[in-house]
Amino acid sequence: MSDASILFVDHTAMMGGAQHSLLDIAEANRRRCAVALFEDGPFATALGARGVAVLPLGGGSALRQVKKGSVVPGVRPLVATLRLARTLARAAKPFDLLYANSPKSFVVAALAGRLARKPVVWHLRDILGQGHFSRANVRAVVALANWCAVRVVANSRATADAFVAAGGRGSLVTIVHNGIDAAPFDALAPGTRTAVRAELGIPDDVFLVGCFSRLHPWKGQTVLLDAVARMPGVHALVVGGALFSGEAPYEAELRSRAQLPGFAGRVHMLGARDDVPRLLAACDIVVHASVLAEPFGRVLVEAMLARRPVVATDAGGVPEVVSDGETGVLVPPGDARALGEAIDALRRDPARVAALARRGADHARARFSRETMLAGVHRVILEVAS
Ligand code: UDP
Ligand code: GLC
């Protein structure tokens, strides 16, 4: 992809959207890159399966103690961060640049970059300053970016704007939207919808609304259940697992709600799955219900590629991906009534569903291809390396 050799860095080895995206970027660079990880897990396995070298650095458990909401990190995590930065700086010696895929890994990479005298790129995939991080954490990471990053790659305009609003230097930022490989969607056999429904025990004539996100209050699955509770004929397919610490109680709450007699078995909770394209094909529409601003939302593009219209919440990067009335339907975040009305309107209008699906599929292919994303990252790497 480029002649520069790159050491990508991520703090987690769980498969969130950021890791799915880096998987494609690292694979495209695999002849001259490695991915340094602070823990072992499915991401390490997935990288290995795609022929990408993984450098397991350890240190993840100490970093986990740096809570997103904390004001000061505490002495142990601080010492651990410095130690990890030294380890990463040593690992970075043979590479031309460091490329961090998360705020935590960027902090370590920024310090390592100083020690090893390597340029550091930060791929920013979070909307800073909206509740996931304390103000002190945001100030610290933005100051580090202004001081140490040669480039900040933002996954949407909304993410870029939030970085600048938090004090980040606008001249550092390049927007590169996520892109998704269309091949698994092109490979879906015509009978997939019926076959998957048979596996799941969901009749063909049921209106099925899919929700594909890890289980976290931020992702708004409860809002979808509130909406579905009021629509007796509608079933919900809830796909995704509790990926990170602290998410388990939310999963338990959702699972017990799904069992309530009012739903009469209409909520199907599948947990985390690795066959998202065929599960999307089983749905009639897809709901993306984030109650906080979603930085990008890969699932939106995946739904469009599967020719399933999305009803999504109108915040963050979502309106950059989905145009209301054109390629999907946008509703206010956290509003179960509006969500329910949008679902119901689509249920009653198959011609509109088909039109949105067609335009969405064309739009996803034209604007959010994996190749376009890789070219955007490539340009940044070339500029930085030269
Ligand atoms: N995903 C998956 N299995 C699941 C649920 C989600 O593989 O059970 C994938 C999904 O297809 C998407 C990614 O996880 O590619 C989630 O990315 P997104 O940007 O939508 O959200 P994030 O979790 O990163 O905030
Ligand atoms: C993060 C964001 C998500 C985005 C993904 C890939 O996980 O939460 O919105 O799609 O990164 O950039």
Side-chain angles (χ1 to χ4, degrees), residues 17 20-21 24 155-159 175-194 196 207-213 220 224 227 234 236-237 239 276-290 293-333 335 338-376:
H20 280 284
S21 178
D24 285 340
N155 65 357
S156 66
R157 157 80 45 204
T159 297
I175 297 169
V176 179
H177 285 124
N178 282 289
I180 308 284
D181 182 13
F185 299 90
D186 293 340
L188 289 170
T192 306
R193 180 182 188 275
T194 305
V196 175
F207 194 79
L208 184 62
V209 180
C211 179
F212 295 75
S213 293
L224 173 62
V234 172
L237 190 68
V239 181
V276 166
R278 57 194 290 282
L279 293 173
L280 279 165
C283 300
D284 291 299
I285 65 168
V286 172
V287 159
H288 190 267
S290 292
E294 180 74 38
F296 179 88
R298 287 170 51 90
V299 169
L300 302 168
V301 177
E302 292 166 350
M304 291 195 278
L305 288 172
R307 296 184 168 268
R308 298 298 177 263
V310 276
V311 178
T313 49
D314 189 4
V318 173
E320 296 168 51
V321 184
V322 177
S323 306
D324 189 27
E326 272 293 306
T327 54
V329 178
L330 299 183
V331 294
D335 186 341
L339 179 61
E341 282 167 6
I343 294 172
D344 208 40
L346 288 176
R347 179 163 64 135
R348 291 168 197 287
D349 195 349
R352 187 155 168 253
V353 166
L356 290 173
R358 200 179 46 247
R359 286 196 294 266
D362 292 346
H363 185 63
R365 273 161 206 280
R367 292 289 307 278
F368 302 110
S369 72
R370 182 176 60 166
E371 291 66 33
T372 305
M373 172 188 71
L374 293 176

Considering all heavy atoms, the nearest [X]-[Y] contact:
X: Val318; Y: Ala312; answer: CG1-CB, 3.7 Å
X: Arg352; Y: Ala345; answer: NH1-CB, 4.5 Å
X: Leu330; Y: Val322; answer: CD1-O, 3.7 Å
X: Ala182; Y: Arg365; answer: CB-NH1, 3.8 Å
X: Gly317; Y: Ala158; answer: N-CB, 3.6 Å
X: Ser156; Y: Ile175; answer: C-CG2, 3.9 Å

Next item on the list: Could you check Thr327 against Val310 for side chain to side chain contact (heavy atoms under 4.5 Å, CB included), going step by step and ending with a plain yes or no?
Entry: CA-CA 8 Å; Thr327 54; Val310 276; over 6 Å; no
Check: Hey, mind stepping through Asn155 and Val176 against side chain to side chain contact (heavy atoms under 4.5 Å, CB included) and telling me if it holds?
Finding: CA-CA 5 Å; Asn155 65 357; Val176 179; over 6 Å; no
Check: Does Arg347 CZ have over 12 foreign heavy atoms under 6.0 Å away?
Finding: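 Atom CZ in Arg347 is crowded, with more than 12 foreign heavy atoms closer than 6.0 Å.
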The criterion is side chain to side chain contact (heavy atoms under 4.5 Å, CB included); which residues satisfy it with [X], sequence neighbours excluded?
X: Asp284; answer: Arg193, Arg197, Phe207, Leu208
X: Thr192; answer: Leu188, Ala189, Val196, Arg278, Ala281
X: Asp362; answer: none

Next item on the list: Verify whether the ring centers belonging to His363 and Phe368 lie closer than 6.0 Å.
Entry: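 So the answer is yes for these two rings.
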With a 4.5 Å cut-off on side-chain heavy atoms, are [Y] and [X] touching?
X: Ile343; Y: Leu224; value: yes
X: Cys283; Y: Leu280; value: no
X: Glu341; Y: Leu346; value: no

Let me check something: any side-chain donor-acceptor pairs from residues 293-304 under 3.5 Å, sequence neighbours excluded? List them with distances.
residue : atom : partner : partner atom : Å
Glu294  : OE1  : Lys219  : NZ           : 2.9
Glu294  : OE1  : Ser290  : OG           : 2.7
Glu294  : OE2  : Lys219  : NZ           : 2.9

Item checked: Spacing of Leu305 atom CG and Asp186 atom CG [to the nearest 0.5 Å] ->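 So the gap between those two atoms works out to 8.0 Å.
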Next item on the list: Find the distance between CG (Asp349) and CG (Leu356) and round it off to the nearest 0.5 Å.
Entry: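 So the CG of Asp349 and the CG of Leu356 are separated by 8.5 Å.
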Note to self: Could you go through His288 and Val311, starting from their C-alpha distance and side-chain angles, then the distance that decides it, and tell me whether this counts as side chain to side chain contact (heavy atoms under 4.5 Å, CB included)?
What the structure shows: CA-CA 6 Å; His288 190 267; Val311 178; over 6 Å; no
Next item on the list: Output every pair passing salt bridge (Lys or Arg N to Asp or Glu O under 4.0 Å) with a member in residues 317-331, not counting sequence neighbours, ordered by first then second residue.
Entry: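 Every pair satisfying salt bridge (Lys or Arg N to Asp or Glu O under 4.0 Å) with a residue in residues 317-331: Glu326-Arg359.
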Checklist line | Residues that Arg358 engages under salt bridge (charged side-chain N to carboxylate O under 4.0 Å, His left out), provided they are two or more places apart | finding: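 Testing Arg358 for salt bridge (charged side-chain N to carboxylate O under 4.0 Å, His left out), a comparison that skips the adjacent residues, returns none.
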Next item on the list: Tell me, with the steps shown, if Met373 and Asn178 meet side chain to side chain contact (heavy atoms under 4.5 Å, CB included).
Entry: CA-CA 6 Å; Met373 172 188 71; Asn178 282 289; 4.3 Å; yes
